[in-house]
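Note that this is a predicted model, so its numbers are computed, not measured. Counting starts at 1 for both ligands and their atoms, following the listed order. Counting begins at 1 with the first residue of the sequence.
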Amino acid sequence: MSLENRGAFIVFEGCDRIGKTTQCRLLVELLKSRDIPVLPMHFPERSSHIGQVINSYLTNSKDLPDEVIHLMFSANRWEHMNQIKQKLLEGNTLVVDRYSYSGVAYSAAKGLDFDWCYAPERGLLKPDAVFYLRAPADDLTNRGEYGKERYEKVEFQGRVAKVFDQICAKEANYWHQLDASQSAEDLHAQVADIAVKLVHRVATQDLDKLY
Ligand code: FDM
């Protein structure tokens with residue numbers, strides 16, 4: 001690829017334990033094996049000051065009003081925006097585990113207004129593609145014990161899934177809904193097919209913003 005080619009901005013979304021982390025890893029490995037420069041990222045990015053507050057909240061060692069933590073998650077994306085833009089323009093494809101849509105889905109699932117939740121995301125870079133990993137509803141309830149973090153409860157995850165579905169319907173032109181109940185290998189094959197074409201297609205396109 002020539003020097004002025006940018007990388008693709010790829011995001012994985014979905015409920016907890018749906019397989020995003022595995023799929024991110026498999027995609028990063030694949031792109032590396034094809035000599036495509038690629039970097040993994042994950043939101044929340046817990047190492048910054050804001051990230052540490054988010055971590056305390058998620059691990060239940062700190063309580064904050066729903067609105068405040070929502071804005072912290074958004075601020076955590078904003079504080080990384082220059083870095084993300086720079087990496088993409090240098091030609092790196094970014095494979096990002098969760099982004100603005102998790103921000104909206106988890107907060108709206110608590111009862112906050114959808115449009116209010118989306119407002120602070122406006123102006124952030126827009127992903128070129130979102131892979132939305134989705135399991136059938138019973139699959140979610142059959143997953144049994146979740147971990148110890150704040151949102152890892154079956155009933156809450158069901159509400160989160162509903163908001164993700166709503167976003168998916170609205171953003172259908174760059175969202176790819178994939179059945180997460182299939183094997184990790186089959187799922188990866190679908191992701192890989194779309195992602196490799198995408199990397200070449202967007203290389204000379206301008207970056208876009210969420211609006
Ligand atoms: N989460 C994640 C949010 O509530 N808002 C956000 O903006 C983001 C990025 O944080 F339960 C929630 C989703 C999940 C929790 O995510 C931690 P990871 O992927 O398990 O670290």
Side-chain angles (χ1 to χ4, degrees), residues 9-28 39-81 83-84 94-127 129-135 140-141 143-168 171 175 180 184 209-210:
F9 185 10
I10 298 172
V11 167
F12 282 83
E13 285 286 12
C15 292
D16 290 67
R17 301 248 234 120
I18 202 78
K20 292 184 301 302
T21 308
T22 304
Q23 291 303 320
C24 284
R25 180 176 52 75
L26 292 173
L27 181 58
V28 168
L39 298 169
M41 271 196 92
H42 177 207
F43 285 109
E45 197 291 300
R46 301 191 194 208
S47 73
S48 68
H49 287 304
I50 293 172
Q52 284 169 29
V53 175
I54 293 172
N55 186 56
S56 312
Y57 175 83
L58 289 171
T59 53
N60 293 308
S61 62
K62 187 179 186 74
D63 261 327
L64 287 168
D66 293 342
E67 289 83 356
V68 173
I69 191 63
H70 180 78
L71 294 171
M72 302 280 283
F73 274 113
S74 185
N76 186 230
R77 284 181 278 282
W78 278 105
E79 69 178 342
H80 289 92
M81 224 20 57
Q83 184 198 340
I84 288 182
L94 296 185
V95 174
V96 185
D97 190 343
R98 294 193 190 278
Y99 194 57
S100 300
Y101 318 96
S102 278
V104 176
Y106 282 73
S107 293
K110 290 178 185 169
L112 296 187
D113 177 73
F114 185 96
D115 292 336
W116 185 90
C117 291
Y118 192 72
E121 307 301 321
R122 291 178 201 278
L124 288 171
L125 286 177
K126 181 182 173 185
V130 175
F131 291 110
Y132 171 36
L133 308 192
R134 195 183 185 289
L140 213 61
T141 34
R143 275 169 195 243
E145 271 298 288
Y146 279 93
K148 288 190 172 35
E149 286 206 338
R150 190 177 284 261
Y151 296 137
E152 297 183 328
K153 315 248 170 10
V154 171
E155 192 269 335
F156 184 72
Q157 295 291 322
R159 277 190 276 147
V160 172
K162 287 211 173 82
V163 189
F164 273 132
D165 286 348
Q166 207 181 324
I167 302 174
C168 185
E171 311 287 327
W175 274 52
K209 288 181 176 172
L210 292 175

Plane angle bin for [Y] and [X] - parallel if under 30°, tilted between 30 and 60°, otherwise perpendicular:
X: Tyr118; Y: Phe114; value: parallel
X: Phe43; Y: Tyr99; value: tilted
X: Tyr106; Y: Phe164; value: perpendicular
X: His70; Y: Trp116; value: tilted

Applying a 4.0 Å heavy-atom criterion (strictly less than), which segment of [X] is in contact with ligand 1: side chain, backbone, both, or neither?
X: Lys20; value: neither
X: Ile54; value: neither
X: Asp97; value: neither
X: Arg77; value: side chain

Heavy-atom proximity to [atom], best of [options]:
atom: atom 17 (C) of ligand 1; options: Glu152, Lys110, Arg46; result: Arg46
atom: atom 14 (C) of ligand 1; options: Glu149, Met72, His42, Arg98; result: Arg98
atom: atom 11 (F) of ligand 1; options: Tyr151, Tyr101, Phe43; result: Tyr151

Any luck finding a side-chain donor-acceptor pair between [X] and [Y] under 3.5 Å?
X: Lys20; Y: Tyr132; answer: no
X: Ser47; Y: Glu45; answer: yes
X: Asp66; Y: Ser107; answer: no
X: Glu13; Y: Ser102; answer: yes

Sub-4.0 Å atoms of ligand 1 with respect to non-hydrogen atoms of Leu58: 10 (O), 15 (C), 17 (C)
Please identify which atoms of ligand 1 are closer than 4.0 Å to at least one heavy atom of Gly103. 5 (N), 6 (C), 7 (O)
State whether the shortest distance between N or O atoms of Pro44 and N or O atoms of ligand 1 falls below 3.5 angstrom. no
Looking only at protein heavy atoms, which one is nearest to atom 2 (C) of ligand 1, and how far off is it? Phe73 CE2, 3.6 Å
